[in-house]
There are 2 protein chains.
Amino acid sequence: MVSLRDFILSVSPISESAWQDINALFQPKLLRKGDYFITEGKTATQIGFICSGIVRAFAKNQNGQEYNKHLFTAPSFIGGYASLITGNINKINQEALTDCELLVADYNKLTALYDKHPDFERVARKLAEFFFAAKEQREIELVMLSAEERYLLFRERMPGLEFEIPLYHIASYLGVSAVQLSRIRKNLAR
Amino acid sequence: MVSLRDFILSVSPISESAWQDINALFQPKLLRKGDYFITEGKTATQIGFICSGIVRAFAKNQNGQEYNKHLFTAPSFIGGYASLITGNINKINQEALTDCELLVADYNKLTALYDKHPDFERVARKLAEFFFAAKEQREIELVMLSAEERYLLFRERMPGLEFEIPLYHIASYLGVSAVQLSRIRKNLAR
DNA sequence: AGCTAATCTTTACATAGGTTAATTTTCTTC
DNA sequence: GAAGAAAATTAACCTATGTAAAGATTAGCT
């Protein structure tokens, strides 16, 4: 159970009055395992904050095959970030893999606070920068590392997570099939 | 030959006084074909803006194999963005593939302007958000599309670029070997 | 505990794509 | 325009990984 306030403050300090305005926009929401926070097809309007639980973000191709773009655990923001930013149709789905406690806010109301609270816009800037750096890192790893190396890295970075959700979700997150991950695990066991 | 001012204004409006302060920090610099703007190993300190020319950003793995993370054409910012943001050691190299006209500034001096000019920090926020959205799109394409589809997309998005730089740089950008790209082109020709 | 569904592994086969090296084509430069 | 260097293609071979289907294992009810 993680606090939104602490999370924001860990990014960049903000005034008490900014926090009050931000906090007022977030409402608690419970997401049951299997529920979706967003689905593709409409422009995203809401941003969520995970207090507890696990959410997967995935894209579907024309054949219906899914790719787990990200596995979110608390504390983190979720929502169709690219769609929120650009206003384009959202192409991402986000599904709870466990029961989740969320805080949910309207993204436009939130960004409307930037004018009043430049310290909050600074939080947003730093977050966007970190998100970018993380994506860049992931991109490099997807291309430069073998699937086995990516799996080992995953276990290091998110220890225990592989026992909380189905392996095929992890395989998809690593960019391989469940069968291939099974082979990799067999190899490592020797 | 593209103007930094126009590029910034296309992201978000800023005051004339902000522009004056920003502009004062940039110095022109000529990069010859083959020259490097940054190399891996040190923390990045400078940010560049491409007025003309082509730059590739690439990562090297332990075997010395290279992966072209990005091909930059004017107008765009270059520099070890992840390193600038996080302060970590830069792991990226950026090499001019043609002669380039750059504008170069000290990144810390530039970000020091955020306090004085919140409208400039807004530019930085929006840029970071767009960079993120672009990376996310690229990640999805790397995983969900075949190499052939990625090549076709590349030709659509950066028309003509394939005739200005060696094909093996494009292959690397697409995440395949030069041999494989050659096969793909042969296939498409039929 | 026992039944059912979900998950994971294994097998068999197909294929995209890597590597190396040889050959051809294109670009530079004198 | 000829010589040499760089780039691109082709061929031969190999491996990682995909797909489909069958089995084995585990988890979730009632």
Side-chain angles (χ1 to χ4, degrees), chain A residues 32-35 54 56 58-68 71 95-99 140-155 160-190, chain B residues 32-35 54 56 58-68 71 95-99 140-155 160-190:
Chain A
R32 293 291 179 72
K33 180 176 174 173
D35 287 352
I54 306 171
R56 74 178 178 114
F58 66 100
K60 271 192 269 191
N61 71 4
Q62 54 277 32
N63 310 319
Q65 285 167 119
E66 299 178 357
Y67 161 62
N68 282 168
L71 299 173
E95 178 195 7
L97 296 181
T98 65
D99 292 354
I140 292 174
E141 288 166 6
L142 275 170
V143 176
M144 307 265 284
L145 301 183
S146 68
E148 179 173 311
E149 290 171 308
R150 295 200 300 275
Y151 174 56
L152 291 171
L153 213 52
F154 167 80
R155 292 207 303 196
L161 189 53
E162 71 180 316
F163 307 113
E164 298 187 56
I165 61 177
L167 264 183
Y168 57 78
H169 280 319
I170 292 166
S172 170
Y173 176 66
L174 297 175
V176 297
S177 67
V179 172
Q180 183 60 11
L181 180 53
S182 197
R183 287 191 277 238
I184 288 167
R185 284 157 57 88
K186 189 183 182 182
N187 254 321
L188 288 173
R190 262 194 291 104
Chain B
R32 293 293 178 72
K33 180 175 174 171
D35 287 352
I54 306 170
R56 74 178 178 115
F58 66 99
K60 271 192 269 193
N61 72 4
Q62 55 277 31
N63 310 321
Q65 284 166 121
E66 299 178 359
Y67 161 62
N68 281 168
L71 300 173
E95 178 196 7
L97 296 182
T98 65
D99 291 355
I140 292 173
E141 288 166 5
L142 276 171
V143 176
M144 306 266 283
L145 300 184
S146 68
E148 179 175 310
E149 291 170 307
R150 296 201 298 276
Y151 174 56
L152 290 172
L153 214 52
F154 168 79
R155 292 206 303 196
L161 189 53
E162 71 180 314
F163 307 113
E164 297 188 56
I165 60 177
L167 264 183
Y168 57 80
H169 280 319
I170 292 166
S172 170
Y173 176 66
L174 297 174
V176 298
S177 66
V179 172
Q180 183 60 10
L181 180 54
S182 198
R183 289 191 276 237
I184 288 168
R185 283 156 58 87
K186 190 182 181 183
N187 254 321
L188 288 173
R190 260 195 293 106

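Letters A, B, ... are given to chains in the order of the sequence lines, protein chains preceding strands, and every chain is numbered from 1.
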Would you mind reading off the distance between [X] atom [atom1] and [N] atom [atom2], rounded to a whole angstrom?
X         : N       : atom1 : atom2 : value
Tyr67(A)  : dT17(D) : OH    : C1'   : 16 Å
Gln180(A) : dA20(D) : CD    : P     : 16 Å
Arg185(A) : dT10(C) : CZ    : P     : 10 Å
Ile184(A) : dG18(D) : CD1   : C1'   : 12 Å
Asn187(B) : dT15(C) : CG    : P     : 14 Å
Leu174(A) : dT17(D) : CG    : P     : 11 Å

Touch class at under 4.0 angstrom, heavy-atom based, for Glu148(A) against every strand present: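 If one applies the 4.0 Å heavy-atom cut-off, Glu148(A) turns out to touch nothing in the nucleic acid.
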
Sugar-phosphate, base or nothing in reach of Ala147(A), heavy atoms under 4.0 Å: sugar-phosphate

Nearest heavy atoms of Asn68(B) and Ser172(B), plus distance in Å: N-OG, 2.7 Å

Polar side chain donor-acceptor pair, Ser146(B) to Glu149(B), under 3.5 angstrom: yes

Distance-only donor-acceptor check, side chains Tyr173(A) and Arg56(A), under 3.5 Å: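 Distance-only check fails for Tyr173(A) and Arg56(A).
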
Candidate nucleotides dT7(C), dG18(C), dT9(C), ranked by approach to the side chain of Val176(B) - the nearest: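 Shortest atom-to-atom distance from the side chain points to dG18(C).
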
Ser182(A) side chain, from C-beta outward: closest of dG17(C), dT10(C), dA7(D):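 Ranking dG17(C), dT10(C), dA7(D) by closest atom to the Ser182(A) side chain puts dT10(C) first.
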
Any [X] side-chain N or O less than 4.0 Å from OP1/OP2 of [N]:
X         : N       : value
Arg183(B) : dG17(C) : no
Ser177(B) : dG17(C) : no
Gln65(B)  : dT19(C) : yes

